[in-house]
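Here the structure comes first, spelled out in structure tokens, and everything after it is commentary.
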Amino acid sequence: MAECEEEVEVLVQRVVKDITSAFKKNPSIDEIGVIPCPEARYNRSPIVLVENKLGVESWCVKFLLPYVHNKLLLYRQRKHWLDREALVDITCTVLLLNPDFTTAWNVRKELLQSGVLNPEKDLYLGQLALTKFPKSPETWIHRRWVLQHVLGQLTAVGSSRKHQQTGEAEQVDADRRQELSDHLARTLHQEMKVCSDAACRYPSNYNAWSHRIWVLQHMARGNAKVFHDELSSMRLWVSMHVSDHSGFHYRQFLLKELIHELSQSAASCTSSPQHRTSSAPSSPPLHSQANGELSGGEGEGEGEEDLTGGEEGEERQLSFITVLQLFHQEMELISDLIRSFPGHETLWSHRRHVFFLWQQWTRDQKLSNGGELAQLSDGEAGLQKGGCQSCGGLGGEGVNGQSHSDAMEVERVCLPDPRDSKRLKRGVHLPSLPSEYTFVSAVLDSCCPPDQRRFAMSYKKWLDTVIVQKP
């Protein structure tokens, strides 16, 4: 094929037109790809559409990309004019094949701000580009910009509605707020799916996991239910990707945010009853006791009066127990993964992070509550003697299925005995320094690979130098 400029221009116009026609013919295209084809064998379009998959024959890419790049650069330099419709089609074509072309994304930003482009259409284009280039940093950056634009629009609409009159206008305002809330929920769900698909296509996809964190920080801040659902859904994913550092880092972020939200909810129970009422529904449900028995746990004696003062005490104890259950479930998960998949450093690094977070939380609880939690330090002696066996039952059904014993004791933390022992059908062992040493010893005593032994010794050394010697 001759490579003269006229023929290349005709080819590019044909390809751009065929791609545009493919999207009009099938708006549900969910994946793109390049079909290996060194040269044009037949006099037909290089664009192939099969069901919901769009393919581009590779022979035309070497003509298409340089030509479109040059056209867009000339347009940005005001040396070449392109109408808006042509800009939309050309940028779509080039970004599907080279999503790291920043100039094309910037052109689409201008089109979006001028109202030519729909934000959902731009998010859809980025989603398709990520099926071929799941780690493209420019695509993730532009996606965050579009989401900020959408959030700004929702905020502007919500604030403008506040100045309407009463009566029918209030009903319209309520319907509009519900519509915006549903739209935000759908966008959040879609972003989680896009990030999950990209993480599966490219191992340790830092850009995808960072975007997922950003989305939760900006679109679900303060919604503990969303964070809890994400933590639950990620359990299976990390079990199937035990060497993905970025995935476990995301799980650490979720755990830290959940603990922060629950701790704030517990602290607000005594300071602001109104805030307590609004924040209570966002607390993640306890899977072990869906009927709410955990929230009604009552103790005996003076310790019960300290931790439960009517409804405020129940809310606070529920948040407290939920945090303990989160730590238990996470440590049990990582213990099972370490035993099932020996020799993965990612698992040991995650265990180190979770145990350090546990140490920080217990210390903060003791400092922030002062005399109210003074009696909880009595559990330390039991821990030093019995290790993990000194941990008693926790309200709710544990994952390990062990029965309830006496008052639960963990390192510097002890829960009061519930009056109704039937509510604690199964015990929950929480992290403690003796239990960690016991776990490491069990790993070293087993027939484990050299890497597993090396990681276990490194973890034990970390316990000795960081945890034991910590003031």
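- Between atom CD of residue E9 and atom CD of residue Q13 there is a gap of 5.0 Å, rounded to the nearest 0.5 Å.
- For H260 and Q264, the side-chain atoms include at least one donor-acceptor pair closer than 3.5 Å.
- Contact check for S232 versus R235: no side-chain heavy atoms found under the 4.5 Å cut-off.
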Just do the salt bridge (Lys or Arg N to Asp or Glu O under 4.0 Å) check on D197 and K193 with the steps written out, would you?
CA-CA 6 Å; D197 293 342; K193 183 179 183 302; 3.2 Å; yes
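- When the side-chain contact (heavy atoms from CB on, under 4.5 Å) test is applied to K121, the partners found at least two apart in sequence or on another chain are V88, L117, N118.
- Shown here for I90 and V16, the closest heavy-atom pair between the two residues is N-CG1, 4.4 Å.
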Using the rule given for side chain to side chain donor-acceptor pair (under 3.5 Å), can you reason through H183 versus E179, listing the C-alpha separation, both sets of side-chain angles and the distance that settles it, and then say yes or no?
CA-CA 6 Å; H183 176 71; E179 180 182 350; over 6 Å; no
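- Ring planes of W237 and W209: perpendicular class, angle over 60° (limits at 30 and 60°).
- Classification of the F63-W59 ring pair by plane angle, with boundaries at 30° and 60°, yields perpendicular.
- Counting heavy atoms from C-beta on, the side chains of P137 and D100 come closer than 4.5 Å.
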Please evaluate residues L255 and F227 with respect to the criterion side-chain contact (heavy atoms from CB on, under 4.5 Å), reporting the C-alpha separation (whole Å), side-chain torsions for both, the decisive distance (0.1 Å), and the verdict.
CA-CA 8 Å; L255 189 63; F227 284 86; over 6 Å; no
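- When side chains are defined from C-beta on, S45 counts as touching R14, because their heavy atoms get closer than 4.5 Å.
- Legend: residues meeting salt bridge (charged side-chain N to carboxylate O under 4.0 Å, His left out) with K53, ordered by chain and number and at least two apart, are D30, E31.
- With contacts defined as side-chain heavy-atom distances shorter than 4.5 Å, the pair V323/S319 does not qualify.
- Shortest non-hydrogen contact noted between A456 and V443 is CB-CG1, 4.1 Å.
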Test side-chain contact (heavy atoms from CB on, under 4.5 Å) on L64 and T93 and set out the steps.
CA-CA 9 Å; L64 179 64; T93 301; 3.7 Å; yes
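- Comment: D182 does not engage R186 in a salt bridge, judged by the lack of any side-chain N to carboxylate O separation of less than 4.0 angstrom.
- The heavy-atom pair separating V94 from A104 by the smallest distance is CG1-CB, 3.9 Å.
- Within a 6.0 Å sphere centred on CZ of F23, other residues, nucleotides and ligands contribute more than 12 heavy atoms.
- Here the closest heavy-atom approach between residue C92 and residue R108 is recorded as N-NH1, 3.7 Å.
- H142 and D122 form a side-chain donor-acceptor contact under 3.5 Å, judged by distance and modelled atom types alone.
- Taking the six-membered ring where the residue is Trp, the centroids of W348 and F355 are separated by 6.0 Å or more.
- Between R351 and E436 there is a salt bridge, with a side-chain nitrogen of the basic residue lying less than 4.0 Å from a carboxylate oxygen of the acidic one.
- Using a 4.5 Å heavy-atom cutoff, the side chains of Y67 and K71 are in contact.
- Inspection of the N52 and S28 side chains reveals no N or O donor paired with an N or O acceptor under 3.5 Å.
- Side chains of V215 and T187 form no contact here, defined as non-hydrogen atoms less than 4.5 Å apart.
- At most 12 non-hydrogen atoms from other residues, nucleotides or ligands lie less than 6.0 angstrom from NE2 of H189.
- Closest of all the heavy-atom pairs between C195 and A208 is SG-O, 3.7 Å.
- Between E261 and K225 there is no salt bridge, since none of the side-chain N atoms of the basic residue sits less than 4.0 Å from a carboxylate O of the acidic one.
- When every heavy atom of M331 is checked against every heavy atom of P431, the shortest pair comes out as CG-CG, 3.4 Å.
- Residues T438 and S435 bring no donor and acceptor atom of their side chains to less than 3.5 Å of each other.
- The neighbour count for Y206 OH, taken as heavy atoms of other residues, nucleotides or ligands under 6.0 Å away, does not exceed 12.
- Side-chain contact annotation: S263 with W361, donor-acceptor N/O pair under 3.5 Å present.
- No hydrogens or angles considered: a donor-acceptor pair under 3.5 Å links the side chains of Q127 and Q190.
- Atom NE2 of H249 has 12 or fewer heavy atoms from other residues, nucleotides or ligands within 6.0 Å.
- Using modelled atom types and a 3.5 Å distance limit, the side chains of E330 and H350 yield a donor-acceptor pair.
- Looking at R143 and E191, a side-chain N of the basic residue comes within less than 4.0 Å of a carboxylate O on the acidic one, giving a salt bridge.
- Between the side chains of H344 and S243, at least one donor-acceptor pair of N or O atoms lies under 3.5 Å.
- Ionic pairing of R212 and E230 is present here: one or more N-O contacts between side-chain nitrogen and carboxylate oxygen are shorter than 4.0 angstrom.
- For S136 (side chain) and F133 (main-chain N/O), no donor-acceptor pair under 3.5 Å exists by modelled atom type.
- Using a 4.5 Å cut-off on side-chain heavy atoms (C-beta onward), T91 and F101 make no contact.
- Taking the side chain as every heavy atom from C-beta outward, V238 and V242 never approach each other to under 4.5 Å.
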